[in-house]
Number of protein chains: 2
Amino acid sequence: MAQQTEPVRRTPLTRDRVLRAAVALADETGIEALSMRKLAQELGVVPMALYKHVANKEQLLDGMVDVVMSEIDPPAPGADWQGAVRRRVLSARRAFLGHPWAAQVLQSRTSPTPVVLAYMDSVIGMFRTGGFSVDLTHHVMHALGSRMMGITQELFDASPNPDPRPGSAAPQEDAGQFPYVTELAGAVAHDAGSVVGQGCDDQFEFEFALNLLLDGFERLRQQGWSSASRSRDNGR
Amino acid sequence: MAQQTEPVRRTPLTRDRVLRAAVALADETGIEALSMRKLAQELGVVPMALYKHVANKEQLLDGMVDVVMSEIDPPAPGADWQGAVRRRVLSARRAFLGHPWAAQVLQSRTSPTPVVLAYMDSVIGMFRTGGFSVDLTHHVMHALGSRMMGITQELFDASPNPDPRPGSAAPQEDAGQFPYVTELAGAVAHDAGSVVGQGCDDQFEFEFALNLLLDGFERLRQQGWSSASRSRDNGR
DNA sequence: ACCTGAACACCGTTCAAGT
DNA sequence: ACCTGAACACCGTTCAAGT
């Protein structure tokens, strides 16, 4: 008799709704807790229903990255190439920082989606119209690597394992074993001022490295560097 | 009657044997195919037996990274700081390139093992004895990031999806949509000479970026850069 | 033709029952 | 006390059976 045993789902499932729900779920519970089954449950749907909108989990992850990419500001016209690239990269960074899982997921993709390609195209275009040769642009894009997307794989922390539990193993043993690490960690913790524990300003570190690279690029451009001069070791 | 239903396993299971088997298995079958169960089977042992030597899979992965790290050459004495750092980083790179899974696994670790800390300590030491302040050394280590370990997250490829299947979708559609990407990809493929497909020299790209950074570091050191001069934007 | 419950072939890890 | 088979609580995805 009851045609519908469940309340009617008025908003039908679409690829877009699936992707947005996945992003929200990953934001809330972390990427490792995101499964096709949990996502389906969140949407009030049987797991198999998702497969009509995404071919498999890999495609789901691709789509989730695209959602994050859509939050990047469009490129602003004018300005020198350095300013343009820096602004675009920092805007991408803002988008990715809003979704802690996104950097890791992007790095796990095996090939870029059209949305990612479009972003890369715009960055490459900034170098080309800024006077970089195709050759130099190629190497410069490699040198930027994932920093082009505003992200860096932070490799733990410069300050190793800031385990907040007191009395955890060997604080002075480490001091003897790894004197330079200890010196650095100490200085960073001190530098942070009031609250110890956090330590260092990721945004500053990112911009420091970005500026260093962009300045290096400009120097090579001015020199008319080309890879034919490989033996000259970057002109050094 | 038969006390032993299986042939006697003369070499008893040790942490070391577990780790070496795991490295070998990952080398052969890829990291995604490495499971506790498959590893146990490879060792002719019940899965649970592994848990006496590693607490869980995370610890197994930590140990596997340490095995790779053990293949890095010890630091050679003498030489300027740039030569010392470059040689050490390139040696680490050689070790990691020998195990295609290793970079990804290292990046997935949440805190460094003592072996990794020791490596970092030696690199930090090279900057410090080379005349870098604690402050500058800190930022410089961040700027190096995973490149300190000789690895870079390559973010797909500069040349997008070199799908070797002919007739795959839209070669000229892309050319219109992403003109700069297309230009770059074309130049790279051409540059590679005889065989199209591979495209570009990862080792050259790595050294290009490394040298660019090391030169930037040296310039800042000479200037006596300190983070107190944050507003000066890396002295630009 | 569409939809989906059950099943398949896995996981990492726990735990109680065996020796 | 040690060891381990079976079980638990998951996965992503296939597929045949239902409507």
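Order of the sequence lines fixes the chain letters, A, B, ..., with proteins taken first and strands second; residue numbering starts at 1 for each chain. Hydrogens, waters and symmetry mates play no part in the numbers below; they use all other heavy atoms, side chains included.
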* Looking at every strand, decide which applies to B/M48 at a 4.0 Å heavy-atom threshold: base, sugar-phosphate, or nothing. => base
* To do: Answer with yes or no after comparing the ring centroid distance for B/H139 and A/F204 against a 6.0 Å cut-off, counting only values under it.
  => yes
* Pairwise C1' distance for C/dT13 and D/dT13, with rounding to whole Å -> 23 Å
* Structure fact -> Rounded to whole Å, CG of B/L39 lies from P of C/dT13 at a distance of 12 Å
* Expressed in angstrom and rounded to an integer, what is the separation of A/K57 atom NZ from D/dC10 atom C1'? -> 12 Å
* To do: Provide, to the nearest angstrom, the distance between the CD atom belonging to B/E32 and the P atom belonging to C/dC10.
  => 14 Å
* P spacing across the pair C/dA9 / D/dA9, given as an integer number of angstrom -> 22 Å
* Can a side chain N or O of B/K38 be found less than 4.0 Å away from OP1 or OP2 on C/dC10? -> no
* Asked: Rounded to the nearest Å, what distance is computed from the CD atom of residue A/Q59 to the C1' atom of nucleotide D/dG12?
  -> 14 Å
* To do: Check the distance between D/dC11's C1' and A/L61's CG and give it to me in whole angstrom.
  => 14 Å
* **Neighbour count >12 (heavy atoms, 6.0 Å) for atom CD, A/Q203** => yes
* Hey, is B/E71 close enough to B/R94 for a salt bridge, meaning N to O under 4.0 Å? -> no
* To do: Take atom CE of B/M36 and atom C1' of C/dT14, then tell me their distance rounded to the nearest Å.
  => 13 Å
* Between A/E183 and B/R128, is the closest basic N to carboxylate O distance under 4.0 Å? -> yes
* Presence of B/K52 side-chain N/O under 4.0 Å of D/dC2 phosphate oxygens OP1/OP2 -> no
* Take the protein atom OH of B/Y51 and the nucleotide atom C1' of D/dT4, then report the distance between them rounded to whole Å. => 14 Å
* Asked: Just the dot-bracket of DNA chain C, please: which string comes out with Watson-Crick or G-U pairs under 3.5 Å, [ ] for crossing, | for another strand?
  -> ||.|||||...|||||.||
* Asked: Taking atom types as modelled, is there a side-chain donor on B/D66 or B/T113 under 3.5 Å from an acceptor on the other?
  -> yes
* Asked: Should the heavy atoms of other residues, nucleotides or ligands under 6.0 Å from CD of B/Q41 be counted, would the total exceed 12?
  -> no
* **Given C/dA7, C/dG12, C/dT4, the nucleotide with the shortest approach to the side chain of A/V46** => C/dT4
* **A/E58/A/R109 salt bridge by N-O under 4.0 Å criterion** => yes
* When the distance from CG of B/L60 to C1' of C/dT13 is rounded to whole Å, what number comes out? -> 14 Å
* Closest to the B/S35 side chain, choosing from C/dT13, C/dT4, C/dG12 -> C/dG12
